Amino acid sequence: MNEQNSKSKDVTRDIDRAIRRANDRIERCRDEIGKAVIGQKEMIDGMLTGILAGGHILLEGVPGLAKTLAIRSLAQVLDASFSRIQFTPDLLPADLVGTMIYRQQTGEFVARKGPVFSNVILADEINRAPAKVQSALLEAMQERQVTIGETTFELPNPFFVMATQNPIEQEGTYPLPEAQLDRFIMKLAITYPTAGEELEILRRVGVEFNPKLEKVLFGSDIQEIRGTVEQISVDERIEEYIVQLVTASRKQGERRSFHRYIEFGASPRASIYLYRCAKVHALFEGRSHVLPDDVKAVAPGVLRHRIIPSYEAEAEQLSSTDLVDLLLSAVPVP
Amino acid sequence: MNEQNSKSKDVTRDIDRAIRRANDRIERCRDEIGKAVIGQKEMIDGMLTGILAGGHILLEGVPGLAKTLAIRSLAQVLDASFSRIQFTPDLLPADLVGTMIYRQQTGEFVARKGPVFSNVILADEINRAPAKVQSALLEAMQERQVTIGETTFELPNPFFVMATQNPIEQEGTYPLPEAQLDRFIMKLAITYPTAGEELEILRRVGVEFNPKLEKVLFGSDIQEIRGTVEQISVDERIEEYIVQLVTASRKQGERRSFHRYIEFGASPRASIYLYRCAKVHALFEGRSHVLPDDVKAVAPGVLRHRIIPSYEAEAEQLSSTDLVDLLLSAVPVP
Amino acid sequence: MRRSALLVVFMLVVAWGAVSQSSYVIVDSVRLPAESYVGDPVELRYSVRSQATAIVPDETPQPRWGDITAVRVQPGAGGFDLRMTVTPYEPGTLTLPRIDLGEVRIEGLSLIVDSILPPGDVGLRPAHGPQRLPGTQAALLLFGFGISFVIALVLYLLGPGRRHIHSIVSRYRARVPYRRLLARVQVLERDINRHTMREFYIILAEELQTFMTCRVKQNCMAATSTELIAILPELEESCGAVAGTAAPLEEIFLAADSAKFARKTIRRKKRARHLKLVHAVAVELESHRRRLRRSVRVPREQVSHVGV
Amino acid sequence: MRRSALLVVFMLVVAWGAVSQSSYVIVDSVRLPAESYVGDPVELRYSVRSQATAIVPDETPQPRWGDITAVRVQPGAGGFDLRMTVTPYEPGTLTLPRIDLGEVRIEGLSLIVDSILPPGDVGLRPAHGPQRLPGTQAALLLFGFGISFVIALVLYLLGPGRRHIHSIVSRYRARVPYRRLLARVQVLERDINRHTMREFYIILAEELQTFMTCRVKQNCMAATSTELIAILPELEESCGAVAGTAAPLEEIFLAADSAKFARKTIRRKKRARHLKLVHAVAVELESHRRRLRRSVRVPREQVSHVGV
C-alpha cells in the first residue's frame, strides 16, 4: 500500500513536471506571439488548443482584427511550414491541392503539390470560395491525405488548418454548410479589442512594425505536449457531464425549455471535441485533471457552430452563443 | 423414402454449414468495423445487407453521426477499392465519371476514369449536387457501366454505392426525386447514439484515434456469401406476404385506414428488394429459411423512401417510418 | 193583579200566535234545476197545505248568502204553491229566511248549493282535463301502468342497469374467444389425420393469434411468432395469471414457424401434445381470468399494476 | 206577598226547568264527514236518550267560530236524534254552544276541525322540502357548521389571511433549505466512515449547491466550484451577513473538486473539520437572515442597498 502510494505519487509528480514543462513552452509561445499581436488572448489560446487537440479552427470576425497576423505569428513561432490561401470565388480545387503537370523530358505526368501541403494553413475567407474548393479543403482536413491524379499523398504532420470567415453577409459568398462546419473543432468568435488594447496597438503599430519572432515550438515539442495532454485524467463524472451537455442540446429524450430555440443539436463529434479541448484547457491551467470549469470554458467554442438555432431563436435574437449559455446553465455540474 | 430423407438432410446440413461459415465472416467483418465505429449496429447491418443483396444504400442523418467513418471502415474491411465523392453544388458529371484527355505521345484521346470506378463509393451529401450529377451517378448505379466519350466501361464488381443525405433543409440543396430514391435498395435513418454509446465513443475516440482495420472480406467471399443467400428458401406464403405488404401500401384495391396518409405507395421494385433483403437478414440470423420476422426487420429500410406521405400525414407529423409501422401492423402475418 | 192578568193574556196571545202561524205542512218541494251551483238562479217550488191565505210580501227578505229575486204564490190543492227564485252566492246548505206570507210564515226551508270549486278552495283553478267516457278508466289505468313500466325500464337501462347488462354481455363476449379456441382445438384433434402437418400448424397458429387478439387489445394477426412470444406476458397479465402460465405456447409458435416456413417435419405425437398444451393453457388462463373478474371488480388497469 | 208568591212560583219554575233540563244522555254521536276542515259544512248527529220532548229552537245559537245552519230533531229510540249542520271557520277543538231544545239543553258538545293549512299559519307558503328522516338533523347541523367554517376559512384566506399565511409559509419554506442542509450534515457526520472520500465530497458539494440555489435565486446546480465561489458574496448579501461569512466554503469547494476529479486523498480529520465549517457557516448565515427578516420588514432590494 505504502509502496503503491509512493509510486502513484511519483507518477503524479512526473505528470506535474511534464505539465509545468509544457506550460513553460506554451507560455513562451504566447509571449512570442504577443510581440506581434496585442490582446486577443482568447483567439491565441483557441488556436493553441486547436493545434494541441489535433483539430482545425474556424475564426469568425470582421476584417481588421489581426486574425491573419495572429495565424502568421503562430506559424512563425512554430517550427512549421506555413501557407496562406486566399479563397476567392474563382479558385479551383487544383489551386489548393495541386495538379498533374506534363513533364516533357520524360513524357510523363508528374504531380505538383498544392499549398495544402504545409503544416499550418491559413484558409482566408473560406466562405468566398465555391463549394467544390471548400469541400476539397475539408476532405484534406479530414482524410489527412490528398489524391492528385491517381496518386494519393499523405499530408504533413502536424497538419493544422485555420480558416477565417467574414460574418458580414456579402454577395457571392458560399456559407459553409452545417456538415462542413461540424468538421472544425472550434469556431472562435473574434471580438474587438478593449480600449486599452487598442491604445497599445496604436502605440506599437503606429510606427512601421514588423517584429521578428523566434521559433519556440518545434514538432517534437508538439508531440510531447500532446502526449502530456493525453495523460491528463478525466474523471468519469466529467465524461458523463460532457455527454449530458451534448445530448441535452438535442431535441430528443428529456424536453428542456430552451429546446424550442434549437433546430438541430450537436453531433456525437461535439462530445469528442469537447473532451479533447477540455483536456488541453486543463493543461493550460496547469492541472493534471479536468474540472467542469475546463469543459465550460471550451464549450462555447466547440458547441457554437454545432447548434443550429430555430426560427424562434432568431425571432428573439438569440445567437448560438446564447443558446450554449442556456445549455450550460441548465445541465447540472457533477 | 428413407434415402430421400437422408439426402435432404445432407442438403440441409450443407446449407447450414455454409450459413455458419458466411456468418463467421460477417461477424468478423462487424467486429473489425466495430473497432472504428461504436454502436450504430443498424447502420452497419444495413450496409452489409446492401452489399450482399446487391443494392445501393442511402444513409440519412445529421452530420457527425460517423456515417463517413462507417462507410470508410467498411471499405477498409472489404478488399475493395474505395472512393469518396463529396457532392457540392458546383460538381460536374465529369468529376464523377471521368473525362477524355489528350495524350500527346500517341496523339490520342485517352479516357481518364473518374472516382466512380471503385468497388465502394461514398457519395457524400448527394442532395447537394445538381440533378445532372445525381442522375449520372444513379445511371451508373443501375447500368453498372459508364460511357466516357464513345467508349463504354464496365464498372468493377462488386459495385456498391453508399450515399449520404443531410436532413437539414438548406438553401441550394437538390432533393432526390422519388424516381431516383427508388433505385436505392434501402434508406437507413441514422439516429443519435444512446448516452451509453456516446460515453463509449468519448472514451475511445477522445484521444487521437485512428485504428488500422484488417481486410477480412474478399471478393470471393462476397460471391460465396451471395451464393449462400440465394440458397436460403422462401416459402410461398412469405412471398405472398411480401406482395401483400407492398400492394397494401398502394391506394388501390382494399381501402385501409392509413391510406389517407399515403400519397403514393411502393413500386414493384420494393417487393423485389424486400425479398432479397429478407433473405440476407435470414442469413444474418443463421437461418436457412425466411421468416416473417426477417421481412418485418428489413421492411422499414426498404419501404421508408418508397412511401410518400400525404399532406394529411404531414399535418399529423407522421413520418414515412410511422407509415411503414402502420402498414406492418395492418397486414396479417402468414 | 190587573197587571199580572194582562201579562197572562199577553202570554196566551203570544202562544196562540206561535201555534197558529206554524199551521202549515209542506207537502212537496221541487227544485229547478235539481242541482244548483253558486251563482245559478234556482227556482224553488213548495206545495204548502194550509188553511191560511198566502199573500206575497211586498219586500222579499234578503239572506246574507244570496238574492231572492221573486216570490210568487199560486193557489193549489189544499193550500197554495210557493215559488221563489233564488240566486245563492255561497255553497253549502243554505237556510232560507223566514218568508212572511201574511197569515203563514214559511220558515226552515233550506237549499243545498254546490260549487264547481272544491270546498275550501278560494280563487280560480286551471281548466279541468277532458272528461273521460265511463269504462275507459280501466284501460287508461292499464295503459298508465304500461307506460310507467316502460319508463322505469328505460331509466333502469340508462342508469344502473346499463352497467349491469353491459357486464353480462361483456362477460359472455369475453368467453367467446375461449370457447372458439377450445372448439377449434377439438376439431383439430379429431381431424389430426386429415390435415397435413403444415395445414395443421397454419390453422393452429391462426387460432392462437385470433385468441390473443381478443385478449390483449392488440392486432396479433399482424404479429410474427417472435412478436407473439413477446406479447405472452401481456396476455398473462390481462388474464391475471402468474407469469409463465402462457409460456408453453412459445414452443408451439416456434414449431409452427418451422413447419410453415422451413418445412420441418413434426411428428404426429408432438402435434397431439401441442394441441393438449394449447388446451391446457387456454383453460388455465380462462380460470384465472374468471377469478380475476369475480373476486375484485376493480378496473383492469389496477389489476395489472398489482400484477406488476 | 203576592209579589213574593209570584217570585217563588217563578223561581220554582226556573229550578224545575234547570233540573229537568239536564236529564239526558248522549248515547251515540256521528260526524258526517268524519273529518272536517275549515269551511266545510259538517253534519253532527247525536242520539240522545231523554224523557223530555225536544223542540227545535227558533233561533239556533251562533257561535263565534262559525255557523250552525240547521238544527233538526227526530224522534228516536228512548229519546230523540239531534242533527245539526255546522260550518266552522276556525280549526281546532271547538265547543258548541248550548242548544236549547225546550225541555232539554244540550251542552258540552265539541267538534274537532282540521285545516288544510298548518296551524298558526297565515297566507301561502312555499312548498315544503322533502321530509327528513329523524336523526338527520344533527348531521345536517354539523354539515352546516362545516360549510360555514369552510366558507369563513376561504374568505379569510382570500382576504387578510392570505398575506399572513403566505408569510408564515414563506418563512417556513425559507428555513427548509437551512434545515435540510443541517440534517444532511448530521447524516454525513454519522456516516463519515461509510462513505468513501469521493462520495463524501460529492454529497457535500451537492447539498451546498442545493442550499445556495435556494438562497440566491440562481441555478447553482449548474455552477462549477469556481462559479460557486464567485457567488458566495451574493449568498452573504442575500442573508444580510457581513462579507466573508461564507468564505470558509471556498476551501470546501476546492477540496471537493480535488476529491471528485483529481482523486486526491483528503484525510478524515479534514473532512470532519469541513463538516463543522459547513455547519457553522450555515448557522451563521441563518441567524443573520432571520435577524434581517425580523428587524425591518423592508423589501430585499432595500436591504441589499443598505448592505452595499
Side-chain angles (χ1 to χ4, degrees), chain A residues 53-54 93 100 102 104 107-109 129-136 138-139 142-144 147 149-150 174-175 177-183 226 229-231 234 236 238-240 242-244 246-247 250-253 263-276 278-279 306 308, chain B residues 38-40 61-69 72 83-92 95 101-106 112-113 115 117 124-125 127-129 164-173 190-210:
Chain A
M100 297 300 282
Y102 182 69
Q104 224 153 0
E108 276 179 346
F109 281 91
K132 205 153 52 165
V133 182
Q134 291 174 355
S135 77
L138 291 157
E139 216 180 305
Q142 210 186 11
E143 314 277 334
R144 297 191 178 243
T147 305
E150 268 131 25
Y174 306 84
E178 281 74 27
Q180 312 276 42
L181 278 179
D182 199 32
R183 301 188 200 275
R226 281 189 180 170
V229 168
E230 249 167 60
Q231 279 180 294
V234 183
E236 55 192 10
I238 299 277
E239 288 173 352
E240 272 163 31
I242 289 171
V243 170
Q244 269 172 27
V246 173
T247 49
R250 295 178 204 150
K251 279 179 160 180
Q252 58 180 20
E263 187 69 39
F264 281 97
S267 66
R269 207 175 271 153
S271 46
I272 296 167
Y273 287 159
L274 256 184
Y275 181 86
R276 287 199 206 161
K279 275 175 126 180
R306 291 184 163 88
I308 296 161
Chain B
I38 289 115
Q40 300 290 14
V62 294
L65 292 178
K67 296 191 292 288
T68 312
L69 178 66
R72 191 171 337 115
S83 60
R84 178 185 164 184
I85 309 167
Q86 170 70 48
F87 278 49
T88 55
D90 49 357
L91 205 70
L92 295 174
D95 294 330
I101 55 164
Y102 182 70
R103 181 154 286 179
Q104 225 157 358
Q105 291 104 314
T106 54
R112 188 175 167 182
K113 293 177 178 173
F117 286 88
D124 226 353
E125 296 186 271
N127 55 338
R128 281 186 69 205
T164 71
Q165 192 173 294
N166 194 332
I168 303 175
E169 266 182 45
Q170 293 169 323
E171 253 181 284
T173 58
I190 313 302
T191 49
Y192 288 110
T194 62
E197 282 172 356
E198 200 145 353
L199 213 59
E200 173 73 21
I201 292 169
L202 197 64
R203 278 172 196 158
R204 267 216 243 167
V205 196
V207 289
E208 192 78 290
F209 174 70
N210 208 354

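Treat the numbers as computed from the prediction; the structure is a model and nothing was measured. Sequence lines set the chain letters: A, B, ... in the order given, protein chains first and strands last, and positions in each chain run from 1.
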So which heavy atom on [X] is nearest to which on [Y], and how close?
{"X": "A:Pro268", "Y": "B:Leu65", "result": "CD-CD2, 3.4 Å"}
{"X": "A:Ser267", "Y": "B:Tyr192", "result": "CA-CE2, 4.4 Å"}
{"X": "B:Pro193", "Y": "A:Arg250", "result": "O-NH1, 4.4 Å"}
{"X": "A:Glu239", "Y": "B:Leu202", "result": "O-CD2, 3.8 Å"}
{"X": "A:Val243", "Y": "B:Ala195", "result": "CG1-O, 3.9 Å"}
{"X": "A:Lys132", "Y": "B:Leu91", "result": "CD-CD1, 3.8 Å"}

Can you tell which of A:Gly265, A:Ala270, A:Ala131 has the highest number of heavy-atom pairs within less than 4.5 Å of chain B?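 Looking at each of A:Gly265, A:Ala270, A:Ala131 in turn, A:Ala131 comes out on top.
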Roughly how far, to the nearest 0.5 Å, is [atom2] of [Y] from [atom1] of [X]?
{"X": "A:Ser135", "Y": "B:Glu125", "atom1": "OG", "atom2": "CD", "result": "9.0 Å"}
{"X": "B:Leu69", "Y": "A:Arg269", "atom1": "CG", "atom2": "CZ", "result": "9.0 Å"}
{"X": "B:Gln86", "Y": "A:Gln142", "atom1": "CD", "atom2": "CD", "result": "9.0 Å"}
{"X": "B:Asp124", "Y": "A:Leu138", "atom1": "CG", "atom2": "CG", "result": "11.0 Å"}

Residues two or more places apart in sequence or in another chain: which of them pass side chain to side chain contact (heavy atoms under 4.5 Å, CB included) with A:Glu143?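 A:Glu139, A:Gln145, B:Arg72, B:Arg84.
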Name the region of A:Arg306, side chain, backbone, both or neither, that has any atom closer than 4.5 Å to a heavy atom of chain B.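 No part of A:Arg306 comes within 4.5 Å of chain B.
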Sort A:Ser271 into side chain, backbone, both or neither according to what part of it lies under 4.5 angstrom from a heavy atom of chain B.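 Both the backbone and the side chain of A:Ser271 come within 4.5 Å of chain B.
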Are the side chains of A:Val246 and B:Glu198 in touch, meaning some heavy atoms are under 4.5 Å apart?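 The answer is yes, as the side chains (C-beta and beyond) meet within the 4.5 Å cut-off.
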